[in-house]
Each structure stands twice: as structure tokens, then as C-alpha cells.
Amino acid sequence: MERVVRDEIVFTVNSPGEVSTWLAPTVAALKRLAPDVKATVFILPCLYASGTELDVVRRMPGVEAVVSPRESLRYIVGGRLPGGWRPTGRGAVVFLGGELLLAALLSKRLGYPAAAYTEGVMNAPAAFSRVFVSRESAREQALRKGVPKDRIRVIGDLMVDAARVAKDEAERREVSAPLTRGDERRIVAILPGSRPYELRHTFPVMLGAAALLARWAPGLRFVVAVSPYTTREALARGLEASARWSCGDEKNPASASEPVLSPPGALERLFASDAGGGTLVDATVTTPEGPVEVTFWRGPSRVVMAGAALALTIPGSNTAELAAWGVPMVVTMPLSSPEEVPLDGVLGYIDKIPLIGRSLKAKAVLRAVERTPFVALPNRIAQELIVPELRSTRLLPREVAEEARRLLDEPEVLKSMGSRLVEVMGAGGGAEALVRETLKLLQP
């Protein structure tokens, strides 16, 4: 009997931002437009990874095969087939994160044509039959990197598709309903990230700011959006750091006798199941600024974004999703331990040098931050300071709380900021455009 060759699209990804905001909407679009095409994901090695990407991608609807970072590298470099996966023999490679050169080598090994989605950064342009970009400025950057004009397609920002913004206020209320439950208080969303260093160094500043805001502006509700990439252990360490946190402020760390989180068993309930609808747990967190009542939400982040009046967030893809929802934000980037912040390229590994490595890495990170005009994605896209960015080696909760309070006290400023954020992010539809163009590459 003649063997039926099935079409396959092999996606490459690396870290939480790319998995959640590039891969997820693209796989969903693929399953809508071409449900019979196999979706395979290669997770490439990356310093920005949380370590939980493999588990998250395995649970992603529509993904049929996932290859771990180690197995990906072994196959790309040495041709060693991963366990549980065999190429179908006909397909395409789509770069959605990682190292472009590895995606190009994967394309060559498989004999599949390659496409890439990029914000304009590009190497090995000759290896890619299509280069998808989010906006005109990225197209111009890709042209400067040597990508032929006829290969570039401006498709829109995939992060807007990932945000799945509600069409109107009624739908917005429906999306946030699992969280609000009739509670009319204004929500301040806290998005501390998923990587251990973010939870240890940024989360404490955010929780301290929340404790101050709770005293200054009664009637607020603080909701922590727990990332699907966050482990129970990493969150527990972040909460422990929040209770003991100190950065030279006049406040004393909380007493060692005080419980970090109450009631007992709150974390266990939060991580007890992976129900698709999400898990909600109310708790009190101890901080040096005083206790603060917090709601933990472990589920789709859009539920929190739909209901938030303001967000305290780290830099990253979440700033783009918040912007797509029109949620004003205060972007926080404490740099008290810069040697733990990942860097691109060789500099990302210099902390491994004995004795002097961590010091060299800290200096490199601080220099890179100093040379970066904007860290929030909407600010970077617009090349203007739409939302405030607080970056400091001694960032205190009081500074974050004061900035948040200033915005909350000015409804017209909040409204204007939200409108500008939506305008900057643009319309969705990029995921379907990417899939339609990629399907054209499949060889007959």
C-alpha cells in the first residue's frame, strides 16, 4: 500500500514569552485553518528559559509532538532522532523563538523550507523563504539585515492575537467574571514573572508596594497572576523573599516568627490542580511594609487583564498583552542583583568564570540596561515613554507605590494611557496570516 505523507509544521520556541504569545496563537490558527497538518514543537536551548516550557507546550491544545532543548540540539547538530518523534517527510520549519541559526540548520536537516517571525532581528537571511514581521519598522530593520524585499510579509503583532482582547465592555466583564465574582473593587494586577530570579527580586518590591497602596488607597484589590511556568517551589521562595526583603530601606524585615502566607495550605490549594478554568486563592502575605491581602489567580492571564484598572509588571511579553487590553501599567525592574539577569550571546555566560565572573556579568547587565532607552514593549514600539518604567539598583516599594497611586488618582490619565497602548499595539490577525503564508511553502 502507498504510504500517505502527512504535512507537518515544525515550530521552534525558547522561553515563556515566545511560547505564550507567539506559539499559542499560531498553533490555534493552524488548527482552525488546517486541522490535518501536524504541529511539532522544538524547544531550543535558551538562557531566558524558565525550565518549565516543555510541560507547558505538552499541555497546549493542537500540539502533537514536543522535543526538549537537549534532544533538539542533538538532532540539529548530530542528527540523533528524539524519542517519540519522526519527521513526516513533508513540511516547513517556522521560527518562533530561539536562535535563528539553529532554526536554519533544522530546516536544512529536515529538507523543509523555513520561515521566521521576528521583530526585525535577523541572521542567516538566505535560509528563510519567508520572514514575517509585526510592523513597518520591523520590516525596515529586516531589510537592513539583508532580507530580500520579496520575502518579507508584514502580518501584525502575534502578541495581540495571544491577548485575545474582548470585543466590548460586556465581553470584558464576562472574561473577568471568574475573578471578580461581584467584587466591585478596582483591581491592581501584579505580574511578577516566572523565572526564579524575578520572583526573588521583583516580586518582593511589588508586594511591598501593594502593602503601602492598601493603606494609602483603601478599596483596591490586589491580584497576583501566577504564570503557568511558575512552580510551587519558585513561588514559595519568592514569598519567603518578600517577607525578609530589605534594600537599605528604613523598614525592618518581618519577624521570623510571622507566617509568610496565611491561611496555612494556601499554596497547596493554588497548585492542587491544573484545571483549565483556573484556580483562585485568597491569602494574606507578610511584607516588611505590613501584611497585605492578595488574591492569587493561577489560570489564563487574560482573566486578570480583563478586570484590571492598573498593573504592576516586569518587562517582557506581558507588557504587550496588557497594552493590547489597554491596561495602564507601572513597569518595575529592580537591579539589586544584576548578575542574575540573563543576557544575549556570549555575555550571558561570563558569570561562569571563576572569581570574577559574577562581577563582570553585573557590570555588563547594568551597562546594557543603561544603553536601552525602553524596556516595556509598548514604549519600545512607540519609541516614547507611554507607561512609566522604574529601573534601579535600589528600587524601593515606596517608589513603585507612589507611581501607582499617582496614576490611580488621575482617571483621565489612566484612560488616555490605555487608549494610547491599544493604538500602539495595532490590530490582531497576524497568526492566521502567518499560517496561510506558511501553508503555501509546503511542497506538493
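- A salt bridge between Lys415 and Glu412 is absent, with no side-chain N of the basic residue lying under 4.0 Å from a carboxylate O of the acidic one.
- Between Thr21 atom OG1 and Glu18 atom CD the span is 6.5 Å, to the nearest 0.5 Å.
- Between Glu339 and Lys361 there is no salt bridge, since no side-chain nitrogen of the basic residue lies less than 4.0 Å from a carboxylate oxygen of the acidic one.
- The aromatic rings of Tyr75 and Phe42 sit tilted, their planes meeting at an angle between 30° and 60°.
- Contact record, Leu235 with Leu199: N-CD1, 4.0 Å, taken as the closest heavy-atom pair.
- A salt bridge links Asp282 to Arg181: one of the charged nitrogens lies within less than 4.0 Å of a carboxylate oxygen.
- Salt bridge annotation for Glu423-Arg420: present, with a cationic side-chain nitrogen under 4.0 angstrom from a carboxylate oxygen.
- In Lys145, the NZ atom is not crowded: 12 or fewer heavy atoms of neighbouring residues, nucleotides or ligands sit closer than 6.0 Å.
- At a threshold of 4.0 Å, the pair Glu64-Lys38 does not count as salt-bridged, since none of the basic side-chain nitrogens sits closer than that to a carboxylate oxygen.
- For Glu174, the CD atom counts as loosely surrounded, since its 6.0 Å shell holds 12 or fewer non-hydrogen atoms of other residues, nucleotides or ligands.
- Not counting sequence neighbours, the partners of Glu432 by the side-chain hydrogen bond (donor to acceptor under 3.5 Å, both in side chains) test are Arg32.
- Taking 4.5 Å as the limit, some side-chain heavy atom of Ile187 sits within range of a side-chain heavy atom of Leu179.
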For residues 317-330, which side-chain donor-acceptor pairs fall under 3.5 Å, sequence neighbours excluded?
{"residue": "Asn318", "atom": "ND2", "partner": "Thr313", "partner atom": "OG1", "Å": "2.2"}
{"residue": "Asn318", "atom": "ND2", "partner": "Ile314", "partner atom": "O", "Å": "3.0"}
{"residue": "Thr319", "atom": "OG1", "partner": "Gly316", "partner atom": "O", "Å": "2.6"}
{"residue": "Thr319", "atom": "OG1", "partner": "Leu377", "partner atom": "N", "Å": "3.1"}
{"residue": "Trp325", "atom": "NE1", "partner": "Ala163", "partner atom": "O", "Å": "3.0"}

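- A distance of 5.0 Å separates CZ of Arg139 from CD of Glu136, quoted to the nearest 0.5 Å.
- Heavy-atom neighbours of Arg70 CZ from other residues, nucleotides or ligands within 6.0 Å: at or below the threshold of 12.
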Scan the side chains in residues 22-30 for donor-acceptor partners under 3.5 Å anywhere in the protein, sequence neighbours excluded, and list what turns up.
{"residue": "Thr26", "atom": "OG1", "partner": "Trp22", "partner atom": "O", "Å": "2.7"}

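- When the options Ser20, Ser50, Ser194 are evaluated for a side chain to side chain donor-acceptor pair (under 3.5 Å) with Tyr229, the one that passes is Ser20.
- A salt bridge links Arg232 and Glu268; the closest N-O separation between the charged side-chain nitrogens and carboxylate oxygens is under 4.0 Å.
- Contact of the Met122 side chain with the Val131 side chain is registered, since non-hydrogen atoms from C-beta on lie closer than 4.5 Å.
- For the pair Glu99/Asn123, a side-chain contact is recorded, criterion being any heavy-atom separation below 4.5 Å from C-beta on.
- In this structure, Val37 and Glu8 have side chains that are not in contact, with every pair of non-hydrogen atoms separated by 4.5 Å or more.
- Contact check for Val41 versus Val13: side-chain heavy atoms found under the 4.5 Å cut-off.
- Ion pairing of Arg195 with Glu198 is present here, as a side-chain N (NZ or NE/NH1/NH2) and a carboxylate O approach within less than 4.0 Å.
- Across Arg59 and Pro228, no two heavy atoms sit closer than the pair NH2-O, 4.2 Å.
- Here the CG atom belonging to Leu408 is positioned 5.0 Å from the CZ atom belonging to Arg186, to the nearest 0.5 angstrom.
- Surrounding CD of Glu171 are more than 12 heavy atoms belonging to other residues, nucleotides or ligands, all under 6.0 Å away.
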